[in-house]
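Naming: A, B, ... by sequence-line order, numbering from 1 per chain.
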Number of protein chains: 2
Amino acid sequence: MSERATLTARGLARQEALIETATDLFLGKGFDAVSVDEIVAAAGGSKTNIYRQFGNKTGLFTAVVERMSQEFLSPLDQLVLGPVDLEIGLQILGRTLLGQLLTPKHIAFQRMVIASSVQFPDLMTHWYEVGPRRSQSIFRSQIEKSSGAPELAVLFHDMLVTEPVTRAMMGRPMAAEDVEAHIQSAVRLVISGV
Amino acid sequence: MSERATLTARGLARQEALIETATDLFLGKGFDAVSVDEIVAAAGGSKTNIYRQFGNKTGLFTAVVERMSQEFLSPLDQLVLGPVDLEIGLQILGRTLLGQLLTPKHIAFQRMVIASSVQFPDLMTHWYEVGPRRSQSIFRSQIEKSSGAPELAVLFHDMLVTEPVTRAMMGRPMAAEDVEAHIQSAVRLVISGV
DNA sequence: CCAAAATGATACTAAATCGTATCAAATCGG
DNA sequence: CCGATTTGATACGATTTAGTATCATTTTGG
């Protein structure tokens, strides 16, 4: 019986290297287009590691996505705003959120999640819960403080995020100053509705 | 030299059947997960058709996507609004647009376009031009008639479309009455900003 | 009605790839 | 320091699949 869930120091290091390498490859080409041999060649070690530690290719993919979902928890969760004006508050929240969403890594992640939502449906649902939904709920509490209607939060989120993210996903990202102007427009509009 | 670009009646029929069958399969499983043999088995005829009429699997995929892009030209392009109130106008436009975007076929199409944007980058750009961009421009002319700022068009489009479409893509579509309420909210907010 | 051309069925090649098995090397515990 | 266990390298089997080639069948056009 050589079947043990033992974790040697070396084994852990390999596991780490595998996840990181696999992350880059999966983000770059998608689940199907990356072969197990390719991952091993780039990470070192051998296929034995993958199949003993993650079961199979899908297991590794799941581990990769879970790790990234952690990393991409809505950045607004940690941000604590003092008592600020609604306009200023929404600007800060918006800037913070877009700052993370527009990183190349997050753009690739979002694309990958949508792409694999046929094969792995739960993945997209989970991402949506810990990402957009959470961000919306932060917006909601901020807006409700100024007695705005709760549905404004979703509307604000979508008009803030969609255009810049879509542009980035197409490989035609907006210039930083255009993003800033976009934030201003979105904030102005939602405030006019409070 | 039996290399001719001849189009027999039977040949055209097969071409048609191939495109339609391939459309369903590609929409359902994505480019990579559909094999050429699978398409042929479902469409009738034989692989010869695909490789003589479309060159290779990619050629067939391109034909499928081009056909669908035609089909999914922004439905607002044909719609001619008489002289109506801005509120009524935006409601009609919004309802018409969502009516098309929320069909299962369009949801699958959008998912497929994003999914294959790594392998086929031009595809997403083209879809964006003939779809969202065009819709936004119709919104823009409607809004400018009431002397609203042009950037409101993009904001309105995104807050109208994003939430219902994302929900549908996750397999958790909004109820029809919720969609209608959503349209109302979006229209109300954009009007408050004109 | 018949030859020429197009279409259809199918066998086949070559390559990729997942997962396993086998054996060698490094590492750990006592 | 040594035996047991974990990790590494690699060969291998089995399967899938894109694209080609070959030959039979149907259609077309004169």
Side-chain angles (χ1 to χ4, degrees), chain A residues 1-26 28-65 112 115-116 118-120, chain B residues 1-26 28-65 112 115-116 118-120:
Chain A
M1 307 285 176
S2 55
E3 302 189 23
R4 290 238 205 101
T6 39
L7 318 160
T8 308
R10 190 166 53 148
L12 269 177
R14 260 292 110 77
Q15 183 167 345
E16 204 57 30
L18 279 171
I19 290 188
E20 273 181 38
T21 305
T23 298
D24 290 343
L25 289 171
F26 284 141
K29 310 202 289 182
F31 179 75
D32 289 320
V34 178
S35 75
V36 175
D37 291 296
E38 193 178 353
I39 298 171
V40 169
S46 74
K47 298 171 84 168
T48 316
N49 296 103
I50 291 184
Y51 290 96
R52 268 216 287 259
Q53 304 202 24
F54 301 99
N56 52 27
K57 188 183 173 186
T58 300
L60 175 58
F61 185 65
T62 302
V64 163
V65 172
M112 187 184 75
S116 42
V118 176
Q119 273 176 78
F120 308 97
Chain B
M1 311 280 181
S2 54
E3 300 187 24
R4 290 239 206 101
T6 38
L7 318 159
T8 308
R10 187 166 53 146
L12 268 177
R14 260 291 110 76
Q15 183 167 345
E16 203 58 29
L18 278 172
I19 290 187
E20 273 181 37
T21 305
T23 298
D24 290 344
L25 289 171
F26 283 140
K29 310 202 287 181
F31 178 74
D32 288 321
V34 178
S35 75
V36 174
D37 290 298
E38 193 178 355
I39 299 172
V40 168
S46 75
K47 298 170 87 167
T48 316
N49 295 103
I50 290 184
Y51 288 95
R52 269 218 286 259
Q53 302 202 24
F54 301 100
N56 52 27
K57 189 185 175 187
T58 301
L60 175 57
F61 186 64
T62 302
V64 163
V65 172
M112 188 183 75
S116 42
V118 178
Q119 275 177 77
F120 309 97

Do you know which of B/R52, B/Q53, B/E20 makes side chain to side chain contact (heavy atoms under 4.5 Å, CB included) with B/Q15? B/Q53
Whole-Å distance, A/F54 CZ to C/dC18 P, equals 16 Å
Atom pair distance, as rounded to whole Å: CG in B/D32 and P in D/dT17: 11 Å
Please determine if a side-chain N or O atom of B/R14 lies less than 4.0 Å away from the OP1 or OP2 oxygen of C/dG8. yes
Looking across every strand, which nucleic acid part, if any, lies under 4.0 Å from A/V34 by heavy atom: base, sugar-phosphate, or nothing? sugar-phosphate
On a heavy-atom basis, the closest approach of B/K57 and B/D32 is NZ-O, 3.9 Å
Verify, without hydrogens or angle tests, whether A/S116 (side chain) and A/Q119 (backbone) share a donor-acceptor contact under 3.5 angstrom. no
Set of residues satisfying side-chain contact (heavy atoms from CB on, under 4.5 Å) with respect to B/T58, sequence neighbours excluded: B/F31, B/N56, B/T62, B/F120
For atom CD1 of B/I39 and atom C1' of C/dA9, their distance in whole Å: 18 Å
Would the base of D/dA9 count as contacting A/T48 through its side chain, where contact means a donor and an acceptor less than 3.5 Å apart? yes
Can you tell me if the side-chain N/O atoms of A/N49 get under 4.0 Å from OP1 or OP2 in D/dG8? yes
May I ask you to decide if B/S46's main-chain N or O and B/N49's side chain share a donor-acceptor pair within less than 3.5 Å? yes
Answer yes or no: side-chain N or O of B/S35 and base N or O of D/dA18 forming a donor-acceptor pair under 3.5 Å. no
Residue closer to the 5' end of DNA chain C, B/V40 versus A/E38 (nearest nucleotide): B/V40
Specify the separation, in whole Å, of atom CG of A/D37 and atom C1' of C/dC18. 8 Å
Can you name the closest pair of heavy atoms from A/F54 and A/L60 and give their distance? CB-N, 3.6 Å
Between A/A43 and A/A17, the two heavy atoms sitting closest are CB-O, 4.1 Å
C/dT20 P sits how many Å from A/I50 CD1, rounded? 12 Å
Candidates D/dA18, C/dG19, D/dT10 - which lies nearest the side chain of B/V36: D/dA18
Output the rounded distance in Å from CD (A/Q15) to P (D/dT6). 15 Å
Distances under 3.5 Å between protein N/O atoms and the N/O atoms of nucleotides 23-28 of chain D, please, pair by pair.
none

For the pair made of CZ in B/F31 and C1' in D/dA18, what is the distance, rounded to whole Å? 10 Å
Among the nucleotides C/dT20, C/dT10, D/dT7, which one has an atom lying closest to any side-chain atom of A/Y51? C/dT20
Can you check the A/L25 CG to C/dT17 C1' distance for me, whole Å? 15 Å
Give the nucleotide from the list C/dC18, D/dA18, C/dG8 with an atom nearest to the side chain of A/K47. C/dC18
